[in-house]
Novice: 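Sharing a structure with you now.
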Amino acid sequence: MQREVIVRFAPSPTGYLHIGGARTAIFNWLFAQKTCGKMILRIEDTDAERSTQESIQGIIDSLKWLGITWDEDPYFQSQFINEHLAAARKLLESGNAYKCFCTKDELDRKRQAALKRKSDLRYDGTCRNLTLEAVAEKEEAGIPYTIRMKVPRGEGSVRFEDIVYKTIEYKYEDIEDFVIVRSNGQPLYLLSNAVDDIRDRITHVIRGQDGLSNAHRQILIYRALGAPVPQFAHMSLTLDPQKAKISKRKHGELVAVHFYREHGFLPWAFVNFLVLLGWATPESREIFSREELIEAFSLQGINRANSIFDVRKDDPKYFTDPKAISINAHYLRTLPIEEIEPYVRVEMEKAGIWDPEYENTKHSWFLDTIELIRGRFHVTTDFGSRGRAYFSDDFPIEPRALKKNILKHPELKKWLPMLADRLQALESFSVTETENVIREMAAEFGVKPGVLINGIRTLVTGQLAGPGMFDVLIAIGQHRVVKRLRRAPALFDKL
RNA sequence: GUCCCCAUCGUCUAGCCUGGUCCAGGACACCGGCCUUUCACGCCGGCAGCAGGGGUUCAAAUCCCCUUGGGGACGCCA
């Protein structure tokens with residue numbers, strides 16, 4: 001019988017979760033969901049120097065926001081150091097590892113020299129064949145040592161089938177005797193990670209392609225420890241437009257998951273975008289609900305070529321990959337209104353324009369208004385900025401709109417207040433009634449209705465463009481519309 | 001320098017395994033048009049790609065080789 005699938009996401013808490021990590025987490029999660037398997041969250045915090053509590057929390061928050069779930073509580077790799085060291089001892093005893101007394105300085109010197117000669121940078125195996133006596137002697141003398149894996153020599157190779165990259169083969173002669181325990185007694189990633197995966201009975205290691213050149217070394221550890229080797233699925237990397245690996249250092253917040261949360265992305269829209277980076281179905285389908293994506297997901301759909309996250313640092317039109325924005329906008333206008341309601345609320349609270357009545361007496365008005373304006377928004381933050389006038393009397397008038405729709409037509413200075421009077425007199429403030437009033441007035445003054453309509457739009461919403469004007473008037477309401485129209489003269493007077 | 005991986009429109013990709021149905025399909029972006037009081041949406045249309053060179057074959061985006069380009073690894077980081 002096939003064993004239950006167990007995967008893990010194993011971030012090192014040295015900063016926020018960036019999109020590369022998020023992709024890895026998403027693919028692991030999808031695979032677990034697809035196979036009804038388990039996903040473990042393991043915090044690889046063995047680098048005490050760089051690990052921070054803040055970053056652990058940040059990563060967990062980002063994962064939760066994305067909607068990624070895992071089984072069991074997250075645990076910390078540092079809790080299992082003794083287990084890692086026990087494995088190292090076992091490797092030592094079985095002759096699969098040896099103590100290396102070379103100092104860092106010596107190794108550095110050799111590496112530099114090799115660099116200069118433009119030759120091999122790998123460890124030369126100085127301590128590989130030390131006699132038992134020599135080892136004992138050095139130990140007695142208190143010389144610190146690292147533990148290195150004793151990679152088989154001679155003909156032969158490590159070969160494995162990667163689910164994404166197919167057959168991968170490394171000759172023994174190309175693999176150096178890598179260090180698994182530091183001279184201060186701390187285990188290293190290659191060891192810890194493998195030992196943890198063995199204990200957790202991980203069946204599938206799904207990680208970035210940068211792990212591909214670790215796989216063969218870890219397989220050596222698995223074998224020497226007599227443990228079954230998991231299946232590997234290495235995913236192509238996400239690069240920036242300059243084809244450089246994305247990094248916190250270079251790109252800052254732009255590649256942080258929390259940045260997208262703060263900039264009005266719907267979490268699922270972001271997941272949907274991310275999953276399309278380096279993965280596709282045979283139909284190139286693009287939009288998936290959660291259930292649909294799990295259903296459609298397959299490791300075979302992962303692309304071998306790296307993909308580019310098309311961030312545009314100083315692009316005035318798109319603050320991030322246009323496709324990400326487009327997918328977000330798609331969800332924003334098509335999701336059931338109740339699903340986006342909470343995200344809108346958050347933005348309005350941030351903008352200081354939230355009214356608790358929107359959840360009580362004004363609830364249906366609130367939903368109708370979101371429905372009215374969401375079609376042309378890209379991110380939820382738009383509700384607090386471009387959509388501000390619908391919810392607050394304190395909103396700015398866009399300079400371009402002011403210029404084009406108001407100031408260009410000086411007659412509006414007296415027409416708009418007149419219109420305010422007529423609208424105020426209306427008994428039924430409806431789409432048809434308001435439209436009649438406005439069109440009649442346009443005819444009366446011999447102007448195109450658009451002149452009045454656009455003037456009204458700017459005065460009432462502060463915007464250059466927006467939904468159908470008469471719907472807008474109803475949404476904003478008779479009282480507020482009248483009040484805003486009466487401000488027209490003031491706009492001219494300011495000049 | 002050594003090893004590993006990759007290569008289709010500007011970007012994300014389908015097609016490649018199992019050659020012909022591909023003078024290469026979709027999406028985003030861009031450009032035009034329709035709709036419209038505006039802007040979006042929607043619809044219609046357009047621009048744009050098999051890195052290059054050799055082979056194999058009746059036939060190559062698809063198979064093989066080389067070149068070039070890109071990425072990753074080569075840490076007592078993870």
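Every chain is numbered from 1 and lettered A, B, ... according to where its sequence line falls, protein lines coming before strand lines.
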Novice: For A73(B), does OP1 or OP2 lie under 4.0 Å from any side-chain N or O of Lys245(A)?
Specialist: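 So the side-chain polar atoms of Lys245(A) do come within 4.0 Å of the phosphate oxygens OP1 or OP2 of A73(B), strictly under.
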Novice: Suppose you measure atom C1' in G49(B) against the same atom in C28(B); what distance do you get, rounded to whole Å?
Specialist: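 Approximately 15 Å lies between the C1' atom of G49(B) and that of C28(B).
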Novice: Check if the side chain of Ser284(A) and the base of G25(B) share a donor-acceptor pair of N or O atoms closer than 3.5 Å.
Specialist: yes
Novice: C5(B), OP1 or OP2 - any side-chain N/O from Lys166(A) closer than 4.0 Å?
Specialist: no
Novice: Looking only at the side chain of Gln209(A) (C-beta and beyond, no hydrogens), which of the listed nucleotides C12(B), A78(B), G71(B) gets closest?
Specialist: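 Ranking C12(B), A78(B), G71(B) by closest atom to the Gln209(A) side chain puts G71(B) first.
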Novice: Could you tell me how far C35(B) sits from C43(B) if I compare only their C1' atoms? Round to whole Å.
Specialist: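 Per the computed distance, 9 Å lies between those C1' atoms.
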Novice: What about Thr146(A): does its side chain form a donor-acceptor pair under 3.5 Å with the base of C76(B)?
Specialist: no
Novice: Name the closest nucleotide to the Leu237(A) side chain, picking from C74(B), C12(B), G71(B).
Specialist: G71(B)
Novice: Hey, is Arg159(A) close enough to Glu169(A) for a salt bridge, meaning N to O under 4.0 Å?
Specialist: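 Between Glu169(A) and Arg159(A) there is a salt bridge, with a charged N closer than 4.0 Å to a carboxylate O.
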Novice: Find the distance Leu188(A):CG to G75(B):P and express it as a whole number of Å.
Specialist: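 About 11 Å, once rounded to whole Å.
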Novice: Taking atom NZ as the centre, does Lys110(A) end up with more than 12 heavy-atom neighbours from other residues, nucleotides or ligands that are less than 6.0 angstrom away?
Specialist: yes
Novice: Examine A40(B): is either OP1 or OP2 under 4.0 Å from a nitrogen or oxygen in the side chain of Arg386(A)? Give yes or no.
Specialist: no
Novice: Please say whether more than 12 non-hydrogen atoms of neighbouring residues, nucleotides or ligands are located less than 6.0 Å from CZ in Arg400(A).
Specialist: no
Novice: Using only atom types and a distance under 3.5 Å, with no angle test, would you say the side chain of Arg374(A) pairs donor to acceptor with the backbone of Leu332(A)?
Specialist: yes
Novice: To the nearest Å, give me how far apart CZ (Arg217(A)) and C1' (C3(B)) are.
Specialist: 11 Å
Novice: Which value, in whole Å, describes the distance between the C1' atoms of nucleotides C12(B) and C17(B)?
Specialist: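 Their C1' atoms lie roughly 23 Å apart.
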Novice: Determine the interatomic distance between C1' on G20(B) and the same-named atom on A60(B); round to the nearest Å.
Specialist: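 One C1' to the other, the span is 10 Å.
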Novice: For atom P, what is the distance between A40(B) and A29(B), given to the nearest Å?
Specialist: 11 Å
Novice: Can you find an N or O donor on one side and an acceptor on the other, under 3.5 Å apart, linking the side chain of Arg376(A) with the base of C41(B)?
Specialist: no
Novice: Counting side-chain heavy atoms from C-beta on, which of C3(B), U38(B), G71(B) comes nearest to Ala465(A)?
Specialist: U38(B)
Novice: So does Arg111(A) get a side-chain nitrogen or oxygen closer than 4.0 Å to the phosphate oxygens (OP1/OP2) of G75(B)?
Specialist: yes
Novice: Is there a donor and acceptor pair, one atom on the side chain of Glu286(A) and one on the base of G26(B), closer than 3.5 Å?
Specialist: yes
Novice: Arg182(A) side chain N/O closer than 4.0 Å to the phosphate oxygens (OP1, OP2) of G75(B)?
Specialist: no
Novice: For atom C1', what is the distance between G19(B) and C63(B), given to the nearest Å?
Specialist: 8 Å
Novice: When you get a sec, tell me which of U13(B), A29(B), A78(B) is the closest nucleotide to the side chain of Asn303(A)?
Specialist: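 Closest of the options to the side chain of Asn303(A): U13(B).
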Novice: Taking only the C1' atom of each, what is the distance from G15(B) to C9(B) in whole angstrom?
Specialist: 14 Å
Novice: Ignoring hydrogens and angles, does a donor from either the side chain of Arg457(A) or the base of U37(B) sit under 3.5 Å from an acceptor on the other?
Specialist: yes
Novice: Is the Tyr390(A) to Phe395(A) ring centre distance short of 6.0 Å?
Specialist: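 No; Phe395(A) has its ring centre 6.0 Å or more from that of Tyr390(A).
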Novice: Please state whether the phosphate of A27(B), meaning OP1 or OP2, lies under 4.0 angstrom from any side-chain nitrogen or oxygen of Ser326(A).
Specialist: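 So the side chain of Ser326(A) is outside the cut-off, no N or O lying under 4.0 Å from OP1 or OP2 of A27(B).
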Novice: Do any side-chain nitrogens or oxygens of Tyr318(A) fall under 4.0 Å of OP1 or OP2 in C30(B)?
Specialist: yes
Novice: Rounded to the nearest angstrom, tell me the gap between atom OH in Tyr189(A) and atom C1' in G75(B).
Specialist: 14 Å
Novice: Starting at atom CD1 of Ile308(A), determine the distance to atom P of C6(B), rounded to an integer number of angstrom.
Specialist: 17 Å
Novice: Which of these, Phe319(A), Phe270(A), Tyr318(A), sits in a ring-ring contact (aromatic ring centres under 6.0 Å, His included) with His263(A)?
Specialist: Phe319(A)
Novice: Please give the distance between the C1' atoms of G10(B) and C47(B) as a whole number of Å.
Specialist: 11 Å
Novice: For the pair Asp197(A) and Arg42(A), find out whether any cationic side-chain nitrogen is under 4.0 Å from an anionic carboxylate oxygen.
Specialist: yes
